[in-house]
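This chain uses plain numbering: 1 for the first residue, then up along the sequence. All values below come from the heavy atoms of this structure, side chains included, with hydrogens, waters and symmetry mates left out.
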Amino acid sequence: MKYITRNLENVVRAVIKEYPAVLVTGPRQVGKTTMLQKLMEGTDRGYVTLDDLHERAIAKTDPELFLQLHKPPILIDEVQYAPELFTYIKIDVDKNHAPGSFWLTGSQMFQMMRGVQESLAGRIAVLSLTSLSQAEIYGGVTEPFTIDLETLSARRENRSTADTRDIFERIYRGSMPAIVSGANSSSQIFYSSYLSMYIERDVKELSDAIDSLKFLRFITAVAARCGQMLNTAEIARDADLNQVQTKNWLGILETLGIIFYLHPYSNNMLKRLVKTPKLYFYDTGLVCYLTKWSSAETLEWGAMNGAILENYVVSEIRKTYLGCGKEPYLYYYRDKDAKEIDIVLEHDGVLNPIEIKKTSNPGTELVKVFGLLDQSSAPRSKGAVICMKPELGAIDRDNYIVPVWLI
């Protein structure tokens, strides 16, 4: 099974020189342990996983003994199962001040964050690992995605072009390491077992009152609405749940790193804007499995092609930031007249408006909507249409045409 270099490796190498502890969070099967074990090759760092019920029991009932048995430098896997360890890790860190002593992984972000922030504030670097980015799979390590002609041109050097069919193959196959590296040849078989084994197990861990079949119906209803404004009432109706349950279960999907939200851009200069977030999955392969597309070709011409393409582009842009250890400031714009800009990227005090379209021949009509941001207190900078055109180009001086494969 081929190891694929992760962008986050550079960030981990940097933070372990400064912080006594580093925590890598992210869903199961995205390669957290694989990456950290790769980085510890040739060192004397120990390894222990709390998936091992015996080790978990010791960590929970006698954390002091656990850390005597597993002295730093140590990699502790799935640390969310024993939050009792955090206080004792803090004691060790405060006593020894040794950078990089504790490497931790966890599959449940928010549950664990509370314990981490209370116990290890200022002593731990928290990083997010997602499923593989397009850049990691097809073109090596890159910087965060920006709308800058020089940077985009430089990106082009180590990438190979992809046409519409290729892009929908990527979307359909998904970005989980086991599929990309060839360990699982069938994405459908992988996602079937992924759902039953991993999500179900972690879901039960977070709430044992959840019925597995109901949860599958729920996550399918959520997948059918990727790239859309969140409508809990519709999801609740389709999944036969009440709205309180639906909100709780959406919280679980976010906690497990399966979904994320794009919030609407707003500032006090812009009135009459909607306040509802849009919902996206980190991995489009899971969406395709849940919504039962039989092939990339049927997806390409199917009713969901625009929504899933948008999901893919938004998640890929987000991954380029997380992979560099940075939080992306990504929003969308929509006003009460239903005028919408797919992505508003905020950085260095300016706004980049971005439209996402399946077309390979975008025209000036697509960028007219960008003028809506001119009322904002932050200045509008270059815009872009991300689409299926095979090469980097321009609509005019202020708006570029960016191929999907260049993200």
Side-chain angles (χ1 to χ4, degrees), residues 5-28 30-50 59 63 66-67 70-133 135-136 141-144 177 254-257 260 282 318-330 347:
T5 304
R6 306 304 302 261
N7 273 17
L8 202 65
E9 287 175 30
N10 294 330
V11 186
V12 174
R13 285 192 193 98
V15 298
I16 58 176
K17 291 175 187 165
E18 295 176 42
Y19 290 87
V22 59
L23 167 64
V24 179
T25 68
R28 287 187 179 273
V30 295
K32 302 182 296 293
T33 310
T34 308
M35 177 186 75
L36 292 176
Q37 285 181 328
K38 189 82 179 167
L39 289 172
M40 67 187 243
E41 279 177 4
T43 70
D44 61 352
R45 184 173 298 274
Y47 170 78
V48 60
T49 176
L50 299 188
F66 180 88
L67 291 179
H70 303 288
K71 286 187 165 61
I74 184 79
L75 165 55
I76 305 172
D77 223 350
E78 303 297 352
V79 73
Q80 78 272 3
Y81 290 130
E84 295 82 359
L85 282 173
F86 292 136
T87 304
Y88 290 86
I89 290 173
K90 176 181 182 283
I91 291 165
D92 186 285
V93 160
D94 289 348
K95 185 175 158 192
N96 298 310
H97 304 289
S101 295
F102 294 93
W103 294 8
L104 314 169
T105 77
S107 302
Q108 296 166 10
M109 281 85 148
F110 304 139
Q111 295 288 101
M112 191 167 43
M113 287 305 182
R114 283 200 290 276
V116 168
Q117 282 160 347
E118 285 159 17
S119 310
L120 291 166
R123 302 167 181 84
I124 190 165
V126 181
L127 305 171
S128 292
L129 191 70
T130 63
S131 55
L132 289 156
S133 70
E136 288 167 329
V141 178
T142 75
E143 294 300 304
E254 194 179 6
T255 299
L256 293 176
F260 65 94
Y282 279 103
R318 185 170 171 79
K319 286 176 189 179
T320 68
Y321 282 82
L322 295 176
C324 295
K326 295 179 178 175
E327 183 60 36
Y329 296 103
L330 283 176
H347 66 99

*Starting at CZ of R318, measure out to CD of E327 and round the result to the nearest 0.5 Å.*
5.0 Å

_Closest approach of S131 to K319 (non-hydrogen atoms, all atoms of both residues)_ = OG-NZ, 3.2 Å

*Which atoms form the tightest heavy-atom contact between L36 and W103, and what is the distance?*
O-CZ3, 3.4 Å

*asked:* Treating R13 as the side-chain partner and L8 as the backbone partner, does any N or O pair qualify as donor plus acceptor under 3.5 Å?
replied: no

*Please round to the nearest 0.5 Å and tell me the distance separating atom CG of L104 and atom CG of L23.*
5.5 Å

*Going through the checks in order, is the salt bridge (charged side-chain N to carboxylate O under 4.0 Å, His left out) test met by E18 and R123?*
CA-CA 9 Å; E18 295 176 42; R123 302 167 181 84; over 6 Å; no

*For the side chain of S101 and the backbone of P73, is there at least one donor-acceptor N/O pair under 3.5 Å apart?*
no

*Heavy-atom closest contact (P99 atom, H97 atom, distance)*: CD-O, 3.4 Å

*What is the distance from atom CG of L67 to atom CD1 of I91, rounded to the nearest 0.5 Å?*
9.0 Å

*Residues, nucleotides or ligands: over 12 heavy atoms within 6.0 Å of Y329 OH*: no

*Between V30 and P177, what is the shortest heavy-atom contact and its length?*
O-CG, 3.3 Å

*Taking side chain as C-beta onward, heavy atoms only, is L75 less than 4.5 Å from T105?*
yes

_I'd like to know if the side chain of K32 reaches the main chain of L129, judged simply by a donor and an acceptor atom lying under 3.5 Å from each other, with no hydrogens or angles considered._
no

*Please check if the side chain of E84 supplies one atom and the backbone of A59 the other of a donor-acceptor pair under 3.5 Å.*
no

_Between F66 and L50, is the side chain to side chain contact (heavy atoms under 4.5 Å, CB included) condition met? List the steps._
CA-CA 11 Å; F66 180 88; L50 299 188; 3.8 Å; yes

*Would you give the length of the straight line joining atom CD1 of I76 to atom OG1 of T33, rounded to the nearest 0.5 angstrom?*
12.5 Å

*Minimum side-chain heavy-atom gap V79-F86 below 4.5 Å*: yes

*Short question: side chain of Q80, backbone of S107 - any donor-acceptor pair under 3.5 Å?*
yes

*Check whether more than 12 heavy atoms from other residues, nucleotides or ligands sit under 6.0 Å from atom OH of Y19, and answer yes or no.*
no

*Might you point out which heavy atoms bring I74 and Y47 nearest each other, and give the distance in Å?*
CD1-N, 3.6 Å

*Would you give the length of the straight line joining atom OH of Y282 to atom CD of E254, rounded to the nearest 0.5 angstrom?*
8.0 Å

*Within the side chain of E9, is there an N or O that forms a donor-acceptor pair under 3.5 Å with the backbone of R6?*
yes

_Straight-line distance of L330 CG to Y321 OH, nearest 0.5 Å_ = 7.0 Å

*Nearest non-hydrogen partners of K326 and P144, listed with the distance*: CD-CG, 4.1 Å

